[in-house]
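Here is the structure we will look at.
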Amino acid sequence: MSKKLIIANWKNYPESLAQAQEILEFTNDYLESLSEKKEFSLVFCPPFVFTEEVSKILKTSHLEHEAFLGAQDIAIEDKALEVSGPMLTKLGVGYVIIGHSERRWKLGESDKVVNQKLKSALRNTMVPIVCIGEKTRDAGFKQFLENQILKTFEGLTADEVGRCIVAYEPVWAISTNPNSRPDTPSSALESISYIRDILNTKYNILDTQFLYGGSVNSKNAESFLKEKEIDGVLVGGASVNKEEFVKIIDIASKI
Ligand code: 13P
């Protein structure tokens, strides 16, 4: 079984740098307590304001060997008004979330903009974590997914698509949405298999890494992580609760 990947998408939490440090210290203590080889990797995606400090902590602590730094967004252009790829890489950011549903649906980020940000991440040699997911699981959800995938990856070579991690994050399952509920592993697998088929047909890629995201917590993480087609989880709310987050890592370490 391949190493599971656990991505912490902190969104706009925690409220202070001291709390961010606490989460990282708590995770560090847990990692130090492990006596055996670790079968997981961690990526922390803090809000931009904490990126520099988190970068320093990841370099100086035990986390250095297990945890990587990610960003929640990237500017389209390298010379931009926003936080750009070159700025992020200087801070040691190796991963970037692209097309998160809250950007797509709440901030109105179009497929075209997502596609340009994806190209920006690749140009800056970061690993893009590309979020794909339907807004509602109705009769047309597969058509929706296909359309979103084709537009998101438009103009990319097979080699470039092969450098992406895909996070299947159904919008209705994300904890910030009213009446959200986690997807079931079987229906997440149905979507992941469908997305994999599209990537295989169009780009001849069969070995994309897939994450599941949407209300992942310590109670349901095992049911997703134990599936061999699910390479990891993208965790929002539970990733800023240090006890919850470490429980999820612990589950991944035992799969
Ligand atoms: P929750 O885990 O809070 O549902 O958030 C999921 C998410 O949006 C992670 O990117």
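Below, each value reflects all heavy atoms present in this structure, side chains not excepted, and no hydrogens, waters or symmetry copies. When a ligand or atom number is given, it counts from 1 through the structure's own listing order.
- Counting only non-hydrogen atoms, the option in Ser175, Ser239, Gly237, Gly236 that gets closest to atom 4 (O) of ligand 1 is Ser175.
- Distances below 4.0 Å separate heavy atoms of His100 from the following atoms of ligand 1: 7 (C), 8 (O), 9 (C), 10 (O).
- Residue contacts with ligand 1 do not include Ala238, since none of its heavy atoms lies under 4.0 Å from the ligand.
- Contact atoms of ligand 1 toward Gly214: 4 (O) (distance under 4.0 Å to a heavy atom of the residue).
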Test log, rule salt bridge (charged side-chain N to carboxylate O under 4.0 Å, His left out), inputs Lys119 and Glu77: CA-CA 9 Å; Lys119 288 173 178 162; Glu77 303 289 344; over 6 Å; no
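- A cation-pi arrangement is not found for Lys3 relative to Phe40, the charged atom failing to lie both closer than 6.0 Å to the ring centre and inside a 45° cone about the ring normal.
- Below 4.0 Å from some heavy atom of Lys11 lie the following atoms of ligand 1, by number and element: 5 (O), 6 (C), 7 (C), 8 (O).
- Residue contacts with ligand 1: Ser215 is included, with a non-hydrogen atom under 4.0 Å away.
- Between Arg181, Glu102, Glu169, Gln72, it is Glu169 that holds the heavy atom closest to atom 7 (C) of ligand 1.
- Contacts of Asn9 with ligand 1, taken as heavy-atom pairs under 4.0 Å, involve the side chain alone.
- The environment of Lys106 atom NZ is dense: over 12 non-hydrogen atoms of other residues, nucleotides or ligands sit within 6.0 angstrom.
- In this structure, Tyr13 has its ring center at least 6.0 angstrom away from the ring center of Phe50.
- In terms of heavy-atom proximity, Val171 sits nearest to Gly133 at CG2-O, 3.9 Å.
- Put simply, Leu150 and Phe141 are part of the same group of oily side chains (I, L, V, M, F, W, Y) that touch within less than 4.5 Å, one to the next.
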